[in-house]
Student: 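Next up is a structure, given as structure tokens.
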Amino acid sequence: IQSDLHGVWGATSDQVVAVGQDGLILLNNGVSWTPQTSGTPATLRAIAGRAGDDLWVVGDQGTILHFNGLGWVVQPSIPSEAFRAVATAPGQPVYGAGSIRLWRLDTFPYTVEGPPWLQDLRALSVGPDGRMAAGGSGGRVFARSAAGVWAAVPGPEDAVATIHGVLQTDGAEGLPAGAIVAVGDGGLLLEGTTAGLTAVSLGPDVVTPLRAVALTPDGRVVVVGDRG
């Protein structure tokens with residue numbers, strides 16, 4: 001397989017799912033990777049899940065897929081959107097970040113989430129308590145409280161690179177509740193709280209785009225990007 005992959009999700013070592021170019025979905029059962037039938041030729045950009053039998057994938061042309069434990073089911077699309085991120089958590093709704101708006105996807109008809117200025121998003125995270133963080137073009141980062149209130153998160157004036165990965169902690173990982181980490185183009189790394197973000201230098205050699213950020217079970221922050 002020589003196709004680009006854009007997203008990966010895993011709950012256990014015998015169920016890891018990757019998605020990518022031209023509708024590609026791969027399942028790793030702990031031994032090998034096996035292509036799955038996606039039912040779409042669209043490039044798939046992101047995957048998230050609430051459980052092993054409740055996975056959601058989004059992609060180009062507003063494509064939305066759901067895995068119900070038996071197979072992948074193509075959901076009604078939103079053709080005007082170009083989805084770049086999807087996020088959820090156990091007990092929480094499923095949200096997809098598009099080039100235009102943020103959508104709730106696990107109920108139909110779909111509904112827009114957040115205020116009108118919440119647009120052109122590329123990164124999204126949802127916590128088990130309902131907190132959310134989102135990032136997009138121009139270095140913009142937003143946060144939603146557990147009560148459902150959205151606000152822009154202040155950052156450095158010169159941090160205008162596109163955000164590709166974001167997370168907000170809920171305190172369960174050993175980090176302060178509400179801590180935010182965002183990464184993006186040009187080696188951009190922002191950290192802080194909903195009160196404000198500051199840029200963190202990774203050294204003069206880190207200038208390539210950073211694509212994703214995640215927390216390990218022991219509370220460490222892991223960032224990955226282009227060129228390894």
Side-chain angles (χ1 to χ4, degrees), residues 1-110 113 121-126 132 134-135 163-167 183 209-216 222-226 228:
I1 296 173
Q2 297 181 344
S3 299
D4 291 339
L5 297 173
H6 299 292
V8 64
W9 180 93
T12 62
S13 60
D14 60 357
Q15 188 189 18
V16 178
V17 182
V19 301
Q21 183 180 350
D22 300 328
L24 179 64
I25 298 179
L26 299 174
L27 171 65
N28 188 292
N29 60 5
V31 178
S32 61
W33 291 94
T34 304
Q36 307 292 293
T37 300
S38 68
T40 178
T43 291
L44 306 175
R45 300 288 180 178
I47 179 172
R50 293 182 285 202
D53 59 355
D54 187 11
L55 306 182
W56 294 80
V57 169
V58 297
D60 292 357
Q61 292 91 52
T63 300
I64 304 164
L65 306 179
H66 180 233
F67 179 74
N68 58 15
L70 299 176
W72 290 96
V73 180
V74 178
Q75 306 297 300
S77 65
I78 306 177
S80 60
E81 287 285 9
F83 284 115
R84 291 297 179 267
V86 63
T88 187
Q92 295 296 324
V94 178
Y95 297 100
S99 54
I100 303 176
R101 297 300 302 271
L102 177 64
W103 297 84
R104 179 173 176 174
L105 301 179
D106 58 324
T107 59
F108 190 82
Y110 308 127
E113 164 67 22
L121 302 176
R122 310 295 178 88
L124 192 64
S125 70
V126 178
M132 295 180 64
I163 301 295
H164 295 295
V166 67
L167 63 83
V183 299
L210 303 177
R211 298 292 183 180
V213 57
L215 286 172
T216 64
V222 179
V223 176
V224 296
D226 290 3

Student: Do Val58 and Leu105 make a side-chain contact, defined as non-hydrogen atoms from C-beta onward lying under 4.5 Å apart?
Tutor: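 Sidechains of Leu105 and Val58: in contact.
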
Student: Looking at every heavy atom in both Ser38 and Ile25, which two are closest together, and how far apart are they?
Tutor: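 The pair with the smallest heavy-atom distance is CB-CD1, 3.6 Å.
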
Student: For Trp9, enumerate each residue passing the side-chain hydrogen bond (donor to acceptor under 3.5 Å, both in side chains) test, keeping only those at least two apart in sequence or located in another chain.
Tutor: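 Per chain and number, Trp9 pairs via side-chain hydrogen bond (donor to acceptor under 3.5 Å, both in side chains) with no residue.
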
Student: Which heavy atom of Ala87 sits nearest a heavy atom of Ala48, and at what distance?
Tutor: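 Nearest pair, atom of Ala87 first, then Ala48: CA-CB, 3.9 Å.
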
Student: Can you name the side chain to side chain contact (heavy atoms under 4.5 Å, CB included) partners of Val73, sequence neighbours left out?
Tutor: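 By the side chain to side chain contact (heavy atoms under 4.5 Å, CB included) rule, Val73 matches Asn68, Gln75.
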
Student: Checking His66 now: which residues fulfil ring pair (Phe, Tyr, Trp, His ring centres under 6.0 Å) with it, not counting sequence neighbours?
Tutor: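 So His66 forms a ring pair (Phe, Tyr, Trp, His ring centres under 6.0 Å) with Trp56.
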
Student: Any side-chain heavy-atom pair from Glu113 and Leu102 closer than 4.5 angstrom?
Tutor: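 The answer is yes; the side chains approach within 4.5 Å.
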
Student: Trp72: which residues meet the ring pair (Phe, Tyr, Trp, His ring centres under 6.0 Å) condition with it, sequence neighbours left out?
Tutor: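 Only Phe67 meet the ring pair (Phe, Tyr, Trp, His ring centres under 6.0 Å) criterion with Trp72.
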
Student: Would you check if the side chain of Gln61 reaches a backbone N or O of Gly59 as a donor-acceptor pair within less than 3.5 Å?
Tutor: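 Here the side-chain-to-backbone pair does not exist.
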
Student: Take Leu27 and Gln15 through the side chain to side chain contact (heavy atoms under 4.5 Å, CB included) test and state the conclusion after the steps.
Tutor: CA-CA 7 Å; Leu27 171 65; Gln15 188 189 18; 4.1 Å; yes

Student: Considering the options Leu121, Leu124, Asp60, which one meets the side-chain contact (heavy atoms from CB on, under 4.5 Å) requirement together with Arg84?
Tutor: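 So, applying the side-chain contact (heavy atoms from CB on, under 4.5 Å) to Arg84 and each of Leu121, Leu124, Asp60, only Asp60 qualifies.
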
Student: If you look only at pairs with a residue in residues 17-31, which of them pass as a side chain to side chain donor-acceptor pair (under 3.5 Å), with sequence neighbours excluded?
Tutor: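 Counting only pairs at least two positions apart or across chains, no side chain to side chain donor-acceptor pair (under 3.5 Å) contact touches residues 17-31.
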
Student: As a quick check of understanding, evaluate side chain to side chain contact (heavy atoms under 4.5 Å, CB included) for His164 and Leu210, giving each step before the final call.
Tutor: CA-CA 7 Å; His164 295 295; Leu210 303 177; over 6 Å; no

Student: For Pro93, does its backbone N or O pair with a side-chain atom of Thr88 as donor and acceptor, under 3.5 Å?
Tutor: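 Yes; judged by distance alone, with no hydrogens or angles, the pair exists.
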
Student: Tell me which one of Leu44, Leu5, Val19 satisfies side-chain contact (heavy atoms from CB on, under 4.5 Å) with Leu24.
Tutor: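 Running side-chain contact (heavy atoms from CB on, under 4.5 Å) over Leu44, Leu5, Val19 with Leu24 returns exactly one hit, Leu5.
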
Student: With sequence neighbours excluded, what pairs up with Asp14 under the side-chain hydrogen bond (donor to acceptor under 3.5 Å, both in side chains) test?
Tutor: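 Asp14: side-chain hydrogen bond (donor to acceptor under 3.5 Å, both in side chains) contacts with Thr12.
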
Student: Side chain to side chain contact (heavy atoms under 4.5 Å, CB included) for Ile64 and Tyr110? Distances and angles first, verdict last.
Tutor: CA-CA 11 Å; Ile64 304 164; Tyr110 308 127; 3.6 Å; yes

Student: For Val94 and Arg50, work out which heavy atoms get closest and say how close.
Tutor: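 Scanning both residues, the minimum pair turns out to be CG2-CZ, 3.8 Å.
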
Student: For a side chain to side chain contact (heavy atoms under 4.5 Å, CB included) check, start with the C-alpha distance between Glu81 and Ser99, then their side-chain angles and the critical distance, and finish with the verdict.
Tutor: CA-CA 6 Å; Glu81 287 285 9; Ser99 54; 3.5 Å; yes

Student: Kindly give the heavy-atom pair with the smallest separation between Arg211 and Asp226, and that separation in Å.
Tutor: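 Smallest heavy-atom distance, with atoms named: NE-OD1, 2.9 Å.
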
Student: Roughly how far, to the nearest 0.5 Å, is the CG atom of Leu215 from the CG atom of Leu167?
Tutor: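 Here the interatomic distance stands at 5.0 Å.
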
